[in-house]
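Everything below concerns the one structure shown next.
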Amino acid sequence: MVPIYNINIIIMKKKIRVRFAPSPTGPLHIGGLRTAFYNYIFAKKYKGDFLLRIDDTDIKRNKKLSIKYILKALKWSKIKYNKGYNRDKDIQYIQSKRIHIYKYYLNYLIKNKYAYYAFDTVKELNLYRKDKNFIYNFLTRNKFKNSFTLNKNNIKKYLKKKKFVIRLKIPTNKNIIYKDEIFGNIKINTKEIDDKIIFRSNKKPTYHLASPIDDHLMKITHIIRGKEWLSTTPIYIILYKYLNWKIPKFIHLPLLLNNKKGKISKRLNYNDVPIYPINYKNFVNNSYEYNGFFRYAFINILALLIGYDLIKYKILNIKKIIKLFNFKNINKSDIKINYKLLCTINKNFILYGNKKYVNYKLYIYLRSKINKYKVKKKIIYKIINLTKDRITLINDIWNVANYFFINPKKYSLPQNIIKYIINNYKIVLNFINDNIIYFNKNLVLSKKEISNFINKIKNVNLLKLFRISIVGELVGINLVDIISILYKINKFIIIKRLINFKKFIFLYKNF
RNA sequence: GGCCCAUUAGUCUAUUGGUUAGGACGUCAGAUUUUCAUUCUGGAAAUAGGGGUUCGAUUCCCCUAUGGGCUACCA
């Protein structure tokens with residue numbers, strides 16, 4: 001038998017565990033959420049664990065709000081993480097509460113000379129940094145004040161002052177080669193890498209210390225994160241080798257770019273594509289939810305962004321997304337978000353998604369718009385069913401259904417219709433008068449009777465005029481449906497609108 | 001500047017050595033619909049450029065260009 005090497009077998013050897021580790025520096029945007037989603041689906045596919053960790057080693061501003069937002073956003077996007085053994089806590093791993101753990105490993109690193117003290121200030125180093133090629137590592141570390149250059153007494157003196165950082169000692173002139181599951185082999189020489197600061201002068205660890213340690217302690221098997229980490233991964237690997245730990249597998253995801261300027265969504269663009277999932281207080285006020293996206297459509301958008309062919313599948317539920325998951329589906333190049341494509345996904349959810357849920361959401365929205373008017377629930381649902389296939393976003397429902405609730409305030413007539421009115425003023429006037437009389441006479445009308453009445457009108461221009469008198473312009477669903485629904489809402493609406501239109505037509509009399 | 005990564009129509013992508021380079025959204029034209037939207041039919045539109053390797057390169061290698069990332073006591 002020839003062994004078949006594929007990812008499934010490699011993964012199945014032990015339970016896989018992945019993690020999403022956002023830094024609470026601001027609201028979680030679609031890029032971060034997409035990383036979380038990939039982690040989540042990956043874990044579910046292979047029946048593993050998906051953990052949440054907050055990477056907040058040295059963060060002050062917006063921290064609390066950001067964490068709240070992260071939890072809300074994950075919940076809204078239906079991304080569920082394992083809560084671990086303590087179910088009362090929302091989050092099991094918060095780095096700011098684990099500083100003592102990092103210090104333990106830090107001591108080990110220093111003892112074994114894998115890390116060392118350094119005393120140069122930022123100001124001093126900045127002078128060297130004027131040379132853009134400057135690097136603080138085996139090439140230059142002899143020039144500076146640190147454990148290697150100072151004698152024991154001097155080191156003690158500096159340590160007493162308590163102003164020091166701890167740097168990771170990067171090995172001399174060595175090629176670090178690692179395999180990324182998506183990008184393949186990555187090779188970086190250690191001469192390109194700084195002796196990274198892993199412990200700050202304010203006694204807090206940096207990402208380069210805390211994150212790898214946590215990943216090990218959390219038994220993470222696959223590091224799934226954005227591509228921006230591709231060239232800093234060697235630091236991670238060096239640290240793991242120093243600590244003699246098993247290096248996890250790496251899956252780096254291509255970045256999300258803005259539609260127009262090609263810059264990363266994290267930094268730019270608030271105009272065209274929404275980048276946040278939901279609104280939250282004043283923290284976020286332009287989101288997918290706010291702009292009328294369904295959360296299930298949003299999940300499909302996340303699926304699109306990790307390589308699913310949404311054109312083929314139209315709309316997918318979580319179960320199917322998990323079933324169809326293949327880590328290879330994502331491709332290497334960065335993704336430009338196309339807003340129209342996202343809208344299409346939302347529209348597909350309206351057309352092919354859960355009918356009850358779609359109708360309910362549209363009902364809630366419409367209800368909020370027509371608070372003043374007393375219209376029966378049943379009728380609103382009927383309106384929704386007749387109009388919803390014309391919209392792409394939830395908020396659009398008002399644009400295609402408003403004429404059921406408010407009388408036209410103005411009339412927009414195309415040129416040929418205006419000409420028709422002027423040339424056939426008497427015919428038009430008689431037509432409207434006849435209609436008024438008809439609807440006045442027949443206060444009880446079935447849909448069939450209305451249909452017969454409309455179908456008798458053979459003149460296209462008069463039909464168009466009829467529609468304009470009811471709707472205000474040449475848009476909307478089938479005229480028979482419009483009239484029969486308006487009739488159900490109130491028997492006198494049609495007559496009222498016809499009379500209004502008659503007054504308007506009067507302007508054309510003198511032409 | 002250095003290092004790392006990417007590059008198929010406007011956009012998302014299929015084709016991992018042999019295809020008339022396929023699909024979808026968008027766009028344009030026509031048909032249907034009493035209007036509009038839908039739907040249907042059809043059209044235009046791409047392997048960044050230049051060198052190799054090969055009988056043959058979108059696919060493998062090199063150079064250039066473009067875009068992005070990293071180059072912090074941010075993550």
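Chain letters run A, B, ... following the sequence lines, proteins first, then strands; residues in each count from 1. Hydrogens, waters and symmetry mates are skipped; everything else that's a heavy atom, side chains included, is used.
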Exercise. Nearest of B:A14, B:C74, B:C4 to any side-chain atom of A:N331?
Worked result: B:A14
Exercise. Which ones in residues 393-421 of chain A lie close to RNA chain B, meaning a heavy atom under 4.0 Å from one of its atoms?
Worked result: none
For this session: Tell me, with the steps shown, if A:F439 and A:L498 meet side chain to side chain contact (heavy atoms under 4.5 Å, CB included).
Result: CA-CA 10 Å; A:F439 283 98; A:L498 284 169; 4.3 Å; yes
Exercise. Is the NZ or CZ atom of A:R53 positioned over A:F20's six-membered ring, under 6.0 angstrom from the centre and within 45° of the axis?
Worked result: no
For this session: Sugar-phosphate atoms are those with a prime plus P, OP1 and OP2; base atoms are the rest. Using that split, label each nucleotide of nucleotides 29-38 of chain B B, S or - for protein heavy atoms under 4.0 Å, 5' to 3'.
Result: -----BBBB-
Exercise. Under the 3.5 angstrom rule, does the side chain of A:N300 hit a backbone N or O of A:Y296 as a donor-acceptor pair?
Worked result: yes
For this session: Using a heavy-atom cut-off of under 4.0 Å over every strand shown, decide if A:K187 touches base, sugar-phosphate, or nothing.
Result: sugar-phosphate
Exercise. Is there a donor in the side chain of A:K174 and an acceptor in the side chain of A:N189, or the other way round, less than 3.5 Å apart?
Worked result: no
Problem set entry | Selection from B:A75, B:G68, B:C12 that lies nearest to any side-chain heavy atom of A:T232 | B:A75
For this session: Please state how far atom NZ in A:K132 lies from atom P in B:G2, giving the value in whole angstrom units.
Result: 10 Å
Exercise. Touch check for A:T57, heavy atoms < 4.0 angstrom, all strands: base, sugar-phosphate only, or nothing?
Worked result: sugar-phosphate
Seminar exercise, completed: For A:P408 and A:S469 the tightest heavy-atom approach is CG-O, 3.9 Å
Problem set entry | A:Y102 and A:D214: CA distance, side-chain angles, deciding distance, side chain to side chain donor-acceptor pair (under 3.5 Å) verdict | CA-CA 9 Å; A:Y102 312 129; A:D214 277 341; 2.5 Å; yes
Seminar exercise, completed: Which of A:Y158, A:Y136, A:Y117 passes side-chain hydrogen bond (donor to acceptor under 3.5 Å, both in side chains) with A:N146? Answer is A:Y136
For this session: Name the closest nucleotide to the A:E228 side chain, picking from B:A75, B:C73, B:A6.
Result: B:A75
Exercise. Is the base of B:C73 touched by the side chain of A:S201 through a donor-acceptor pair closer than 3.5 angstrom?
Worked result: yes
For this session: Mind jotting down which residue pairs meet the salt bridge (charged side-chain N to carboxylate O under 4.0 Å, His left out) criterion with at least one end in residues 124-139 of chain A? Sequence neighbours excluded, please.
Result: A:E124-A:K145
For this session: Among B:G2, B:C4, B:C73, find the nucleotide with the atom closest to the side chain of A:I197.
Result: B:C73
For this session: Describe the nucleic acid contact of A:S231 in one word from base, sugar-phosphate, nothing, applying a heavy-atom distance below 4.0 Å.
Result: base
Problem set entry | Nearest-nucleotide pick for A:K227, side chain only, options being B:U71, B:C73, B:C5 | B:C5
Problem set entry | Selection from B:U71, B:C73, B:C5 that lies nearest to any side-chain heavy atom of A:D194 | B:U71
Problem set entry | Partner of A:F250 under ring pair (Phe, Tyr, Trp, His ring centres under 6.0 Å), chosen from A:F183, A:W229, A:Y236 | A:Y236
Seminar exercise, completed: Atom NZ of A:K204 and atom C1' of B:C74 are separated, to the nearest Å, by 14 Å
Exercise. Of all the choices, B:C4, B:A75, B:A72, which nucleotide is nearest to the side chain of A:R129 once you look at every atom?
Worked result: B:A72
For this session: Mind calculating the distance between CZ (A:F134) and P (B:C70) to the nearest angstrom?
Result: 20 Å
